[in-house]
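Below: the structure, in structure tokens.
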Amino acid sequence: MSRGSVPAALCLVVMLVGSRLCQQLRAFAGRPPCRLTPRPRALATRAMKFSKFAQFLEEASQISGPGSRHRRIQRILTLFEAVRSTEEMKLVLKLMLCDLDKINVGHALLLAAADEMGLKSTKKPAEKLAQWLSRGDVPDVGEGWQRLLKKEGTAGTVEDWNLQQVWEALEKISEIQSEGAVQKRTQLVGKLATGCGRKEPAGGKFICRIMYGKGLGIGANKKTVAKAFAKQRLVPNGERLLEMLEVNPDIDRVLESLEGDCQALAQLWSPITPACAQPSRSVEEVMQKIHTKGKSMNWRAEWKYDGERLQIHADKKSKQVRLFSRNLNNVTGRFPQVLDAMITDKHNFENIILDAEVVAVDGDRILPFQILSRRPRQAQGRTKQQDVADVAFFVFDCLFVDGESILHQPLKERRSRVWKVLSKSDQIRIAEGQAFTDAKELQVALGKSIRASTEGLILKNLDSPYEPGVRTAEWLKLKKDYLDSSLSDSIDAVAVGVRRGNGQRSSVYGSFLLAVRSKGSSGHCKFQTICAVGTGLTNQVLNDLYELCQPLVSDSGVVPDFLDATSAGSKGWMWIKDFWKAPVMEITAADLTESSVHSCGLGHLENSTAIGLRFPRVLRLRPDKGPEQATTTEQVVSMYNDQPQIKSVRRSTKGSGKPKAEPMTKRFRFEGCEGEADAGGYCVGRAHRPSERTFVMEVLARWPEFRPFHVHSRRVFRHGLTLLQRGGLLTKENPWGAF
DNA sequence: GTTTAGCGTGAAC
DNA sequence: ATCCGACACATTCGG
DNA sequence: CCGAATGTGTCGGATGTTCACGCTAAAC
Ligand SMILES: Nc1ncnc2c1ncn2[C@@H]1O[C@H](COP(=O)(O)O)[C@@H](O)[C@H]1O
């Protein structure tokens with residue numbers, strides 16, 4: 001077998017699953033206060049100390065290996081069993097799930113608070129902490145706090161707050177406002193750290209993470225905590241916690257309701273966790289998913305509008321309307337135009353809950369997400385000046401109508417139910433879509449949707465019920481940037497800056513500042529930043545990049561002169577000085593956006609705007625390329641101008657778009673694979689076991705033709721492995737050496 | 001003393 | 001938003 | 001038929017850009 005050619009058996013067709021659960025909804029974050037009942041004090045006598053709470057968490061965090069999930073759940077269960085009252089249980093849950101009101105405490109403030117802990121053993125604790133973090137001595141601020149507090153020791157009498165005290169401190173922090181707020185907050189946070197972490201330093205770590213609000217880092221979040229809660233006995237109906245939370249995010253209320261006869265039904269004025277869609281990477285993959293699902297061929301392709309998810313609650317008689325964001329925040333004040341549109345007499349409902357996407361529009365034209373996000377976030381006074389843009393609501397589902405929860409009804413029913421009672425208007429529109437049965441129809445629909453400036457399609461099983469909070473297989477998203485085709489171009493960009501990772505990535509660089517090539521005025525090459533990227537990298541690649549870049553990093557902190565960077569775009573980076581050795585990465589993105597942080601295209605566009613990338617991610621490294629072969633600014637600019645939204649604006653304002661630019665780098669597809677999913681049926685799964693990873697590495701190393709594939713570590717050649725084994729190319733004795 | 005620029009935070013994607 | 005790793009559980013393969 | 005290999009789902013935790021808002025610090 002010659003090295004440059006690919007065995008026929010290895011024809012790989014990318015067609016299958018990339019099912020990725022996105023991160024969980026941060027369902028609880030920042031919910032506006034709606035606490036009507038004063039909180040009774042927990043029993044003072046046996047109230048749980050934060051130190052004890054922290055010990056449980058610490059133990060749970062150390063569990064790993066096979067069976068770890070179960071053991072972790074058991075450990076958390078013991079924590080629950082140490083709880084003495086429902087009130088205390090509320091606190092435990094809210095703390096574990098970081099369900100706090102907005103407290104305006106972030107990374108910087110947590111650092112500064114180290115100086116407010118009254119530490120004796122460390123001089124300039126905040127400085128020390130920052131140093132630890134920059135060197136990766138400590139994976140996150142929380143661990144840093146723990147380390148500082150540990151040094152203090154527990155000699156003498158030491159504060160040890162109970163959960164109630166901690167909660168009250170958090171509430172106090174959330175209330176701090178106006179002049180001097182930052183200082184007051186910092187002091188209070190410092191005090192809280194002392195109260196939580198003097199007796200048990202791990203308590204400092206956890207209170208820090210709780211305030212930061214991104215999870216406790218113990219390998220247990222909402223789902224796992226709920227599993228443990230299901231087994232505890234103090235509060236009845238524990239196994240219903242999750243479903244109840246999906247229909248009412250208020251933990252206090254839900255725990256109370258569990259004590260009665262509870263049912264997970266949609267309720268007016270109480271936000272329902274929205275359903276999400278699974279990503280799909282091609283028309284073929286979609287068709288395959290639909291068919292293997294079997295039963296129903298009753299599917300609908302709907303435009304995926306690029307705006308914000310909005311849940312509309314309305315009641316005709318009381319003339320009330322309430323709007324909730326995807327994360328269940330109350331955003332009623334942000335869309336005053338729509339409130340009126342919801343309470344017209346033209347509608348034939350008494351009350352209703354709609355699922356919709358709100359989009360910035362100009363008449364019939366759909367505007368980019370960026371325009372929508374420029375609208376004010378808070379209710380504007382009566383003296384509203386010209387708004388940034390009109391908005392329209394594209395309704396695509398209905399969860400509740402006239403006092404009845406219709407979550408369980410099939411989509412078909414729900415749809416026909418709404419359209420009967422909802423009256424369309426400029427503000428209230430219906431999501432465009434069509435039924436489809438085969439790949440061809442789907443392909444056509446996809447093309448249409450993209451030309452209409454949407455992100456792609458959402459495909460829905462018309463026979464499926466509404467599943468709150470679930471990334472259900474009954475909804476598939478097919479976005480243009482997922483597609484392996486010329487529809488989405490990739491960019492080859494140079495890593496010009498690096499930044500140390502956090503948490504589990506603290507031993508390597510966690511993200512990279514990327515730049516593209518541009519001709520400097522003097523004819524020299526200048527590079528312009530286009531995005532930072534930190535996803536799409538495997539641990540292997542991260543380690544390699546660390547080894548590769550470490551020697552190239554300058555210690556000066558001065559932006560190198562080959563680089564054209566804005567001041568905002570150059571904050572927090574360590575610079576690569578040995579530029580010509582800098583690694584090149586092939587990346588992709590969902591959109592090209594206007595940027596004030598990055599410098600790409602400065603000088604090529606009107607209003608001295610520059611271009612950045614939305615949702616950038618690494619496809620692969622390009623060790624075969626040097627910076628001089630990176631994509632150019634001009635190419636990026638023409639990609640920008642090629643976007644449907646930009647074109648449509650140009651059409652309406654000017655005559656025509658710019659002339660077509662030189663061709664982009666295209667991703668390679670191995671010959672014979674295109675559209676031949678049935679030909680061999682060889683492919684594709686995730687290569688996540690070590691032997692499979694090794695195999696992939698080998699294949700990539702030996703047949704460069706494979707490299708240009710959209711190779712994420714989890715969507716590669718499983719069957720290729722089998723085939724090679726069967727063909728005798730791989731043997732048991734020498735699994736990888738037979739090439 | 002008043003105005004403006006900068007920075008941190010949260011939240012949308 | 002995207003993506004990856006680890007683990008869990010289901011299904012198929014091969015002796 | 002059973003253990004190993006493979007296929008797929010679930011969950012947690014890394015990471016991105018941009019914007020408005022409100023406080024702080026600098027500039028006038
Ligand atoms: N017709 C539609 N049906 C469902 N979701 C839609 C639709 N149009 C836009 N979306 C949005 O797409 C989001 C899901 O995409 P993603 O967040 O990429 O998983 C939802 O949260 C909605 O806000």
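Naming convention: chains lettered A, B, ... in sequence-line order (proteins, then strands); numbering from 1 in each chain. Computation of the quantities below employed the complete heavy-atom set of this structure, encompassing side-chain atoms and omitting hydrogens, waters and symmetry-equivalent molecules.
For C:dA1, the OP1/OP2 oxygens have no side-chain nitrogen or oxygen of A:Lys479 closer than 4.0 Å. Residue A:Gln504 places at least one side-chain N or O under 4.0 Å from the OP1 or OP2 atom of D:dA14. Considering only side-chain N and O atoms, A:Ser511 lies under 4.0 angstrom from the phosphate OP1 or OP2 of D:dG16. Listed pair A:Asn104 / D:dC23 fails the phosphate criterion, with no side-chain N or O lying under 4.0 Å from OP1 or OP2. Taking 4.0 angstrom as the limit, A:Arg326 places a side-chain polar atom (N or O) nearer than this to OP1 or OP2 of C:dA1. Checking the phosphate oxygens (OP1, OP2) of D:dT18, a side-chain nitrogen or oxygen of A:Thr593 falls inside 4.0 Å. Remark: A:Lys477 is in phosphate contact with C:dT2, judged by side-chain N or O atoms under 4.0 Å from OP1 or OP2. Between A:Arg69 and C:dA8, a side-chain N or O to OP1/OP2 separation shorter than 4.0 Å is absent. Phosphate contact (OP1/OP2 of C:dA1, side-chain N/O of A:Arg471, threshold under 4.0 Å): absent. Taking side-chain N and O atoms only, A:Arg499 has a distance below 4.0 Å to OP1 or OP2 of D:dG16. Side-chain N/O atoms of A:Arg374 include one lying less than 4.0 angstrom from OP1 or OP2 on D:dC19. The side chain of A:Lys304 contributes an N or O atom lying less than 4.0 Å from OP1 or OP2 of C:dA1. Remark: A:Asn502 is in phosphate contact with D:dT15, judged by side-chain N or O atoms under 4.0 Å from OP1 or OP2. Contact between the side-chain N/O atoms of A:His598 and the OP1/OP2 oxygens of D:dT17 is found at a separation under 4.0 Å.
Residue whose closest nucleotide on DNA chain B sits further toward the 5' end, between A:Gly106 and A:Glu308: A:Gly106. Summary of the strand contacts: A:Phe369 and A:Lys571 both lie near DNA chain B, and taking for each the nucleotide with the nearest heavy atom, the more 5' one is attributed to A:Lys571. When each of A:Glu455 and A:Arg505 is assigned the nucleotide of DNA chain C bearing its nearest heavy atom, the one mapping closer to the 5' terminus is A:Glu455.
Note: CD (A:Gln370) to P (C:dA1) measures 16 Å, nearest angstrom. Rounded to whole angstrom, the span from the CD1 atom of A:Ile73 across to the P atom of C:dA8 amounts to 9 Å. In this structure, CD of A:Gln74 is placed 17 Å from C1' of C:dC7, rounded to the nearest angstrom. Taking atom NZ of residue A:Lys480 and atom C1' of nucleotide C:dA1, one finds them 13 Å apart after rounding to whole Å. When rounded to the nearest whole Å, the span between CZ of A:Arg185 and C1' of B:dT9 equals 9 Å. Rounded to whole Å, the distance from NZ on A:Lys102 to C1' on B:dG8 is 12 Å. Atom CD1 of A:Ile173 and atom P of B:dT9 are 13 Å apart (whole Å). Across the protein-nucleic acid pair, A:Asn539 atom CG and C:dC3 atom C1' stand 12 Å apart, rounded to whole Å.
Checking D:dC11, B:dC13, B:dA12 against the side-chain heavy atoms of A:Arg334 singles out B:dA12 as nearest. Of the candidate nucleotides D:dG12, D:dT17, D:dT18, D:dG12 has the atom nearest to the side chain of A:Asn221. Among C:dA8, C:dG5, C:dC3, the nucleotide with an atom closest to any side-chain atom of A:Pro66 is C:dA8. Checking D:dC19, B:dC13, C:dT2 against the side-chain heavy atoms of A:Arg377 singles out D:dC19 as nearest. Residue A:Asp306 has its side chain nearest to B:dC13 when only B:dA11, B:dC13, D:dG12 are considered.
Using a 4.5 Å cut-off on side-chain heavy atoms (C-beta onward), A:Thr273 and A:Leu328 make contact. At a threshold of 4.5 Å between non-hydrogen side-chain atoms, the residues A:Leu476 and A:Lys289 count as touching.
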Filtered N/O pairs between nucleotides 24-28 of chain D and protein, under 3.5 Å:
from	atom 1	to	atom 2	distance (Å)
D:dT24	OP1	A:Gly180	N	3.2
D:dT24	OP1	A:Ala181	N	3.2
D:dT24	OP1	A:Val182	N	3.3
D:dT24	OP2	A:Gly180	N	2.9

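The pair A:Glu58-A:Lys205 counts as a salt bridge, with a side-chain nitrogen and a carboxylate oxygen less than 4.0 angstrom apart. Taking 4.0 Å as the cut-off between side-chain N and carboxylate O, A:Asp481 and A:Arg617 count as a salt-bridged pair. Classification of A:Lys184 and A:Glu116 as a salt-bridged pair fails, no side-chain N sitting under 4.0 Å from a carboxylate O. Under 4.0 Å is where a charged nitrogen must lie from a carboxylate oxygen, and between A:Asp591 and A:Lys480 at least one such pair does.
Among the atoms of the strands shown, none is found under 4.0 Å from any heavy atom of A:Leu372. Within 4.0 Å (heavy atoms only), A:Gly219 reaches sugar-phosphate atoms of the nucleic acid but no base atom. Backbone-only engagement by A:Ala220 is indicated by non-hydrogen atom pairs under 4.0 Å involving sugar-phosphate atoms exclusively. At the heavy-atom level, A:Ile218 lies under 4.0 Å from the strands shown only through sugar-phosphate atoms.
Judged by distance alone with a 3.5 Å cut-off, no donor-acceptor contact links the side chain of A:Thr535 to the base of D:dT15.
Checked by atom type and distance alone, the side chain of A:Asp355 never pairs as donor or acceptor with a backbone atom of A:Gln311 at under 3.5 Å. Listed for the A:Asn329 side chain is no donor-acceptor partner under 3.5 Å among the backbone atoms of A:Ser325.
Relative ring orientation between A:Phe512 and A:Tyr509 is described as perpendicular, the plane-to-plane angle rising above 60° on a 0-90° scale split at 30° and 60°.
The side chain to side chain donor-acceptor pair (under 3.5 Å) with A:Asp306 is formed by just one residue from the set A:Lys479, A:Gln370, A:Arg614; it is A:Arg614.
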